[in-house]
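To start, the structure under review is shown below, and the notes come after it.
In what follows, chains are A, B, ... by sequence order, proteins preceding strands, each numbered from 1.
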Amino acid sequence: MDSSNLIDSLNAAQREAVTVPCGRTLILAGAGSGKTRVLTHRAAWLLQVEGASAYSILAVTFTNKAAAEMRGRIAGLVGVVAGGMWIGTFHGLAHRLLRLHWREAGLPQHFQILDAEDQRRLIRRTLRNLEIDESRWPPRQIQGFINARKDEGRRPEALEPHDAYSEQMRQLYRAYEEACRAGGGLVDFAELLLRCYELLCSQPTLLKHYRRRFRHILVDEFQDTNRIQYDWLRLLVDSESDVFIVGDDDQSIYGWRGARVENMQRLQHDEAGTRVLRLEQNYRSTRTILAAANALIARNSSRLGKHLWTDGAAGEPIAVYAAFSEQDEARFVVERIRSLIESEGYARSDCAILYRSNAQSRAFEEALFGREIPYRVYGGLRFFERAEIKDALAYLRLLVNRNDDASFERVINTPPRGIGTKTLDVLRSQARQWQMSLWQAAGELLRAGALPGRAARAITAFIELLDRLGGSFADPALAGRIETVLAQCGLHEHYAKDRSERGLDRRENLDELISAARTFEQVREAIDDEVDSLTAFLAHAALEAGEVQAGEQDDGVQLMTLHSAKGLEFPVVFLVGLEEGLFPHKMALDERGRLEEERRLCYVGITRSRQRLFLSFAERRRLHGQDQYGTASRFLLELPTELMQEVRARFSVTRAQTMVHAAEPVATSDAAFSLGQRVRHATFGDGVVLGCEGSGPSTRVQVNFAHSGSKWLVVAYANLKPCP
DNA sequence: TTTAGTTGAATAAAG
DNA sequence: TTCAACTAAA
């Protein structure tokens with residue numbers, strides 16, 4: 001078959017990657033080097049040239065968005081042939097396997113998925129049952145503990161508590177597991193992965209089947225994998241497997257979420273003979289932007305090593321602005337955006353403002369609002385996470401499983417039907433005593449006539465409501481079924497009473513839920529046939545929390561955190577709040593590893609930009625109601641000054657200090673160098689000074705050599721000459 | 001049960 | 001400062 005359409009548009013390195021013989025391949029793909037392209041073309045190559053069947057391909061990503069994009073692009077290359085491929089997120093794929101093999105996994109057929117909020121609520125309830133003080137044992141912390149252990153693949157039994165604290169944590173972990181089981185098989189996100197891993201470990205036949213089936217495994221964003229994801233992948237691989245992995249250690253910014261960059265090295269160790277290929281040509285940014293990014297990331301010591309280059313134009317210098325305050329910073333940014341739009345023809349959506357923490361968006365929103373420039377802030381509550389939607393989903397979950405106590409508690413008095421804390425306390429303690437669910441306990445108490453009249457009537461009504469709704473299960477159409485539930489449970493009516501904008505919003509969201517169900521039904525894949533459409537929809541709601549205010553502002557300035565900017569690109573980027581303590585964040589200052597991750601985050605920010613990059617910081621910033629006086633971020637000082645241009649040399653005292661500091665000679669001897677200066681070394685050739693440490697005769701400078709990479713040299717011996 | 005007032009925490013966030 | 005979660009009063 002003619003495969004020219006797959007490789008013609010690729011550069012040599014990309015082509016080598018796409019056509020690499022089957023086996024173990026790790027692609028170190030730099031920012032903007034055409035990573036997704038290589039991944040999708042590889043899949044197409046396997047189908048068209050290697051003769052692989054779509055059924056033999058497993059492609060794993062981290063986000064639903066990435067999975068959808070990959071599916072779409074592969075389909076665009078090869079057409080419907082791509083049909084049988086398994087493309088999805090780690091969680092989505094694990095979920096699929098668990099649905100198919102729920103029995104072997106020890107789960108009930110209609111097991112429900114807990115999102116982060118559901119999980120925390122369940123932990124809170126577990127604590128209350130055990131009469132443990134929530135302020136001493138914060139649910140958040142316990143949640144973090146449990147998830148971290150699951151991400152490591154460890155059950156409570158596998159822990160080795162070394163003090164009272166870890167012993168208690170282990171107990172709570174165990175109690176939580178029991179609560180999940182008792183709730184009728186509740187599975188949190190981390191559990192999906194761990195359970196699936198255990199499933200494959202414990203079922204050799206099954207494992208063998210999937211190993212044989214998935215001959216080709218493709219993985220995206222490998223630097224973000226955690227321990228259990230790594231182990232899961234390796235489990236699916238045998239000596240015959242073709243494994244194609246793409247990642248960039250320099251863009252690993254989720255260590256705090258359990259991601260292990262080390263997995264990249266580990267893979268090369270664990271899988272001997274792994275072929276490592278590099279994609280280093282960047283198609284996104286100007287030479288200037290790239291040089292800055294390279295100089296910055298060269299400061300990190302633990303790297304696999306990669307040097308991005310481009311044959312594009314040098315572009316504009318990087319503009320640096322020192323603001324008085326965050327208002328001044330916002331004013332500057334918005335002014336710039338206005339002039340870029342008005343005189344340089346940029347669209348509003350070409351401009352992105354990237355910040356370290358969400359709280360920073362405020363000043364920019366105000367400034368944009370004041371200038372009447374439309375904008376869009378990313379992040380925040382997503383559709384399926386909204387309270388009213390979760391209420392509605394809780395009713396649906398109860399229909400599937402009456403013993404789901406978390407859902408029971410959520411809706412027993414929503415909308416208010418006269419069942420308060422008192423009644424609930426009775427229910428809870430009885431349920432605990434009789435070792436049954438709240439639903440069962442309610443039934444028993446009613447039968448025993450043990451509840452006061454008013455509460456009894458209210459509970460009876462609730463039970464009847466659910467039974468009636470359960471009856472309408474016969475309705476085959478999911479959307480119609482949900483509509484009935486919403487109409488009868490009183491949620492719609494409840495919000496109708498709220499005459500404010502908020503109430504209207506919520507009613508609209510509930511209507512939206514119905515149409516979401518309709519859409520879901522239409523596009524639902526046949527693979528979920530194992531399970532009824534309601535259960536499938538609930539799983540979908542948990543696994544895909546949906547977009548935030550999708551498409552509300554099509555052409556607006558884009559505001560988001562650096563983390564959410566990963567994977568995106570913009571013609572114009574404003575990287576703001578470059579202050580010590582904010583970025584790098586003060587929480588990350590103690591440990592070296594975390595500082596390096598902050599630096600990678602800065603690297604990600606810089607490399608988002610195609611043409612224009614603006615950096616700024618504020619000398620005074622209001623944080624938590626207190627004025628803070630900060631200094632410029634070390635990252636700013638780590639960038640070669642030759643690439644930068646100060647906007648509006650304002651020369652306030654502080655300003656002069658910052659910039660002068662950066663350009664200050666690094667050695668006191670006759671051979672003085674400044675950061676960013678070009679130097680020549682007898683052996684290593686030409687390079688750029690990136691940093692210095694020490695003083696006097698022991699002064700060392702870090703030089704990034706064009707050919708030999710970055711090195712630390714003692715000034716006294718290196719005999720560096722300034723470049724002519 | 002509802003609501004107003006108090007308290008406490010505040011890095012990033014997909015599934 | 002802001003926001004969510006919680007407590008006390010109506």
Can you tell me if A/T561 touches the phosphate of B/dT11, counting only side-chain N or O atoms and a distance under 4.0 Å to OP1 or OP2?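 Result: no.
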Counting only side-chain nitrogens and oxygens, does A/S564 get under 4.0 Å of the OP1 or OP2 atom of B/dA13?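 So the side chain of A/S564 is within the cut-off, an N or O lying under 4.0 Å from OP1 or OP2 of B/dA13.
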In this structure, how many angstroms lie between the [atom2] atom of [N] and the [atom1] atom of [X], rounded?
X	N	atom1	atom2	value
A/Y254	B/dG15	OH	P	10 Å
A/K150	B/dG15	NZ	P	19 Å
A/L562	B/dA13	CG	P	10 Å
A/E365	C/dT2	CD	P	13 Å
A/D188	B/dA13	CG	P	21 Å
A/R140	C/dA4	CZ	P	12 Å

Nearest-angstrom distance, P atom, C/dA5 to B/dA12: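 One P to the other, the span is 16 Å.
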Quote, to the nearest angstrom, the P distance that separates B/dA13 from C/dA4.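 Approximately 16 Å lies between the P atom of B/dA13 and that of C/dA4.
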For [X], which contact category applies under a 4.0 Å heavy-atom criterion: base, sugar-phosphate, or nothing?
X	value
A/L589	nothing
A/F62	sugar-phosphate
A/N413	sugar-phosphate

Whether the side chain of A/R594 and the base of B/dT11 hold a donor-acceptor pair under 3.5 Å is what I'd like checked.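 When only heavy-atom distances are counted, A/R594 does reach the base of B/dT11 through a donor-acceptor pair under 3.5 Å.
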I'd like to know if A/R356 reaches the base of B/dA12 with its side chain, counting only an N/O donor and acceptor under 3.5 Å.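 In this structure, the two groups form a donor-acceptor pair.
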Side-chain ion pair, A/R594 and A/E598, N-O less than 4.0 Å: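 Salt bridge flag = no for A/E598 with A/R594.
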Indicate yes or no: does A/D220 engage A/K35 in a salt bridge with an N to O separation below 4.0 Å.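 The answer is yes: the pair qualifies as a salt bridge.
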Would you mind telling me which of [options] lies closest to the side-chain atoms of [X]?
X	options	answer
A/M587	B/dA13, B/dG15, B/dT11	B/dT11
A/F189	B/dA13, B/dG15, B/dA12	B/dG15
A/H585	B/dA13, B/dT1, B/dT11	B/dT11
A/H624	C/dT1, B/dA13, B/dG15	C/dT1
A/T63	B/dG15, B/dT11, C/dT1	B/dG15
A/R257	B/dT11, B/dA12, B/dA14	B/dA14
A/R622	C/dT1, C/dC6, C/dT2	C/dT1
A/N358	B/dT1, B/dT11, B/dA13	B/dA13
A/R382	B/dA14, B/dT1, B/dA12	B/dA14
A/L543	B/dG15, C/dT1, B/dT1	B/dG15

Spacing of CD belonging to A/Q628 relative to CD belonging to A/E579, to within rounding of 0.5 Å: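 So the CD of A/Q628 and the CD of A/E579 are separated by 10.0 Å.
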Once the angle between the rings of A/F520 and A/H540 is folded into 0 to 90°, is it parallel (under 30°), tilted (30 to 60°) or perpendicular (over 60°)?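 Because their plane-to-plane angle lies in the 30° to 60° range, the rings of A/F520 and A/H540 count as tilted.
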My understanding is that a pair needs two contacts under 3.5 Å, Watson-Crick or G-U wobble. By that rule, which nucleotide pairs with C/dA8?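 Its partner is B/dT3 (Watson-Crick or G-U wobble, both distances under 3.5 Å).
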Are A/R99 and A/F111 in a cation-pi setup, meaning NZ or CZ lies under 6.0 angstrom from the ring centre and within 45 degrees of the ring axis?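 The answer is yes, since A/R99 meets both limits relative to A/F111.
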Under a 3.5 Å cutoff, is there a donor and acceptor pairing between the side chains of A/E69 and A/T36?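 Their side chains do not contain a donor-acceptor pair, so the 3.5 Å distance test is not met.
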